[in-house]
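Below, chain A is the first sequence line, B the second, and so on; all start at residue 1. Just so it is clear, the structure is predicted and the values come from calculations on it, not from any experiment. Heavy atoms only: backbone and side chains are in, while hydrogens, waters and symmetry mates are out.
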Amino acid sequence: MIRRWRHSVQAFALLLPIALPAIHVFFGWSWIQGGYQSLGIGPVWFLSPLEGVESALASRSIPWTIIVGAVPLALLAVFMGRVFCSWMCPINTLQELAEWLARTLFGYRPGNRLPMPRPVIWIVLGADLVLSFLLATPLFSIVSPPGLVSREAMGMWFFGLVGFQTAIIAAVLVLGLITRRWFCRGLCPVGGLLGLLGTRRVLNVTFDPTNCLNCGLCTEACPIGLEPGRNEVNLLVCWNCAECVETCPGNSLDLTFTRPRRREEILEETPA
Amino acid sequence: MTLAGLVSAPSLALAGPVGRDRLRPPGALDEDHFASRCIRCGRCAAVCPYESIQMLGLGEGLHAATPIVEPVEVPCYMCMECVDVCPTRAIEPVEMEEITMGTAKVDREMCVAWNGTSLCRTCYTVCPLRDRAITNWEFKPEVVDDVCTGCGVCVHACPISDETGDRKAIYVDPPGVRS
């Protein structure tokens with residue numbers, strides 16, 4: 001049930017920014033316009049929090065438009081964790097599709113064990129922010145794979161061409177076929193920032209060991225290699241996709257609103 | 001670079017992509033600050049009804065994916081759509097008359113009106129601020145620097161170009177370039 005909802009949201013979130021420039025080209029309508037880095041709906045606009053922070057650091061200034069655009073999405077992460085990643089980000093959706101294709105066509109399943117230490121994602125986030133400041137350039141904004149999806153879609157409709165930066169998207173998809181969501185769980189500073197913001201999130205996957213059959217299906221289902229049966233759904237990187245909840249045969253897992261987690265409930269990130 | 005300089009004066013390590021007939025959209029911050037503020041979201045390009053705003057490729061280094069207007073290809077028609085959509089104010093709302101994308105300059109050796117070949121007055125005719133930004137006294141077009149917005153409509157319309165087609169008899173230099 002949750003999976004159907006999530007896939008519907010994902011399909012919408014993937015197709016909208018691809019359709020928007022086409023609607024603009026063919027019908028001249030641009031009331032809703034933009035992509036994953038910033039979306040404008042009439043007089044309202046949204047801005048990816050990481051892009052906002054990068055721009056503020058790089059330019060040493062915070063225009064009010066950054067605050068207005070980024071705060072709603074930051075609050076979404078504060079309350080609900082990395083739901084952007086698992087429910088909206090086109091890069092996750094495309095990796096999910098690629099994985100499904102590889103499984104259906106070739107019976108191939110990418111590995112689930114991250115071939116590098118888990119905390120690397122925090123190092124990437126920190127390095128990105130420091131370098132953005134030092135080089136006075138919003139670095140990840142330039143190569144953000146989700147941003148590229150919407151930008152290249154626009155380039156395709158507007159100018160009939162996509163740039164060779166599309167290779168970045170392809171590289172992320174290839175990584176995702178080696179290890180599931182390698183980029184998302186190990187390298188993406190957007191995911192890192194949203195995860196940090198969701199430290200005290202109230203939407204959580206909860207694990208109740210009383211019904212647990214120790215079947216391990218949840219571990220197999222988790223696209224980012226967590227072990228829900230060991231309460232790893234409390235990690236910052238858990239993105240509330242609820243794949244484990246959908247798979248659990250014993251009703252041990254649930255996606256539900258809880259009180260904010262206490263500090264001692266939040267697991268430390270441990271090397272995989 | 002001193003620590004104070006590091007904190008107060010962001011400037012990009014590499015030379016910018018802006019130059020003759022390569023301009024930032026209207027309302028853009030000055031070139032020293034533009035690429036620091038711009039998050040490369042592409043909304044200015046996406047809202048432009050004329051496809052005047054293109055986004056630079058990764059080959060431009062730290063300036064990659066910033067917006068550029070090349071009036072030889074498509075000029076800016078000053079519809080003022082893009083100035084309202086920038087989420088980080090790398091492009092700030094301005095009135096049409098306040099736009100300073102650059103300043104048009106006539107190459108008097110190349111221009112057929114100036115070199116005496118013909119009575120062409122195309123740039124004068126197409127200028128959105130006719131008689132204010134480009135005057136045509138004695139059939140010789142002259143740019144009024146303070147009024148010209150640098151939109152490049154004149155560049156696009158100019159029928160005189162060199163053999164490559166890239167350099168016209170009238171061109172726009174970005175702000176800060178001395179003639």
Quiz item: Of the backbone (N, CA, C, O) and the side chain (C-beta and beyond), which part of A/Pro63 lies under 4.5 Å from a heavy atom of chain B, both, or neither?
Solution: side chain

Self-check item: Largest heavy-atom contact set with chain B, pairs under 4.5 Å, which of A/Ile67, A/Leu148, A/Leu39
Solution: A/Leu39

Exercise. Decide yes or no for B/Gln54 and A/Phe158: does some side-chain heavy atom of the first lie under 4.5 Å from some side-chain heavy atom of the second?
Key: no

Quiz item: Where do A/His24 and B/Pro49 come nearest, in terms of heavy atoms and distance?
Solution: NE2-CA, 4.1 Å

Quiz item: Which atom pair, heavy atoms only, marks the closest approach of B/Ala35 to A/Pro138?
Solution: O-CD, 3.3 Å

Exercise. With a 4.5 Å cut-off on heavy-atom pairs, point out which of A/Ser38, A/Gly163, A/Gly69, A/Ser144 contacts chain B the most.
Key: A/Ser38

Quiz item: So how far is it from A/Phe159 CZ to B/Glu73 CD, rounded to the nearest 0.5 Å?
Solution: 10.5 Å

Quiz item: Going by heavy atoms in the side chains, are A/Thr137 and B/Arg40 under 4.5 Å from each other?
Solution: yes

Quiz prompt | Main-chain N/O of B/Arg37 paired with A/Ser55 side-chain donor or acceptor, under 3.5 Å | solution = yes

Quiz item: If you count heavy-atom pairs under 4.5 Å with chain B, which of A/Ser150, A/Ser61, A/Gly52 comes out on top?
Solution: A/Ser61

Quiz item: Can you tell me if A/Ser30 uses its side chain to pair, donor with acceptor, with the backbone of B/Val47 under 3.5 Å?
Solution: no

Quiz item: Is it the case that more than 12 heavy atoms not belonging to B/Arg20 sit under 6.0 Å from its CZ atom?
Solution: yes

Self-check item: Donor-acceptor pair between A/Gln33 and B/Arg43 side chains, under 3.5 angstrom
Solution: yes

Quiz item: OG1 of A/Thr65 to CG of B/Asp84: how many Å apart, nearest 0.5 Å?
Solution: 11.5 Å

Quiz item: If you count heavy-atom pairs under 4.5 Å with chain A, which of B/Cys44, B/Ala45, B/Gly42 comes out on top?
Solution: B/Ala45

Quiz item: Take atom CH2 in A/Trp45; do more than 12 heavy atoms of anything else shown fall under 6.0 Å from it?
Solution: yes

Exercise. Mind ranking A/Glu54, A/Glu51, A/Arg151 by heavy-atom pairs under 4.5 Å with chain B and telling me who comes out on top?
Key: A/Arg151

Exercise. Please flag which part of B/Glu92 lies under 4.5 Å from any non-hydrogen atom of chain A: side chain, backbone, both or neither.
Key: neither

Quiz item: What part of A/Leu57 is in contact with chain B, defined as an atom under 4.5 angstrom from a non-hydrogen atom: side chain, backbone, both or neither?
Solution: neither

Quiz prompt | Best-contacting candidate, A/Phe46, A/Trp64, A/Tyr36, against chain B by heavy atom pairs under 4.5 angstrom | solution = A/Trp64

Self-check item: Min side-chain heavy-atom separation A/Leu47-B/Ile39 under 4.5 Å
Solution: yes

Quiz item: Counting only heavy atoms not in A/Phe12, do more than 12 fall under 6.0 Å of its CZ?
Solution: no

Quiz item: Do any N or O atoms from the side chain of B/His33 and from the backbone of A/Ser59 form a donor-acceptor pair under 3.5 angstrom?
Solution: no

Quiz item: Is A/Phe79 atom CZ crowded by more than 12 heavy atoms from other residues, nucleotides or ligands, each under 6.0 Å away?
Solution: no

Quiz item: What heavy-atom pair brings A/Phe164 and B/Gly59 nearest, and what distance separates the two atoms?
Solution: CZ-N, 4.1 Å

Quiz item: Are any non-hydrogen side-chain atoms of B/Leu62 and A/Leu139 less than 4.5 angstrom apart?
Solution: yes

Quiz item: Is it the side chain or the backbone of A/Ile66 that comes within 4.5 Å of chain B heavy atoms, both, or neither?
Solution: both

Quiz item: Around atom CH2 of A/Trp29, are there more than 12 heavy atoms of other residues, nucleotides or ligands at under 6.0 Å?
Solution: yes

Practice problem: Examine whether an atom of A/Ile62 lies under 4.5 Å from a heavy atom of chain B, and if so say whether it belongs to the side chain, the backbone or both; otherwise answer neither. | Solution: neither

Practice problem: Under 4.5 Å heavy-atom distance to chain B, tell me which part of A/Val68 shows up: side chain, backbone, both or neither. | Solution: neither

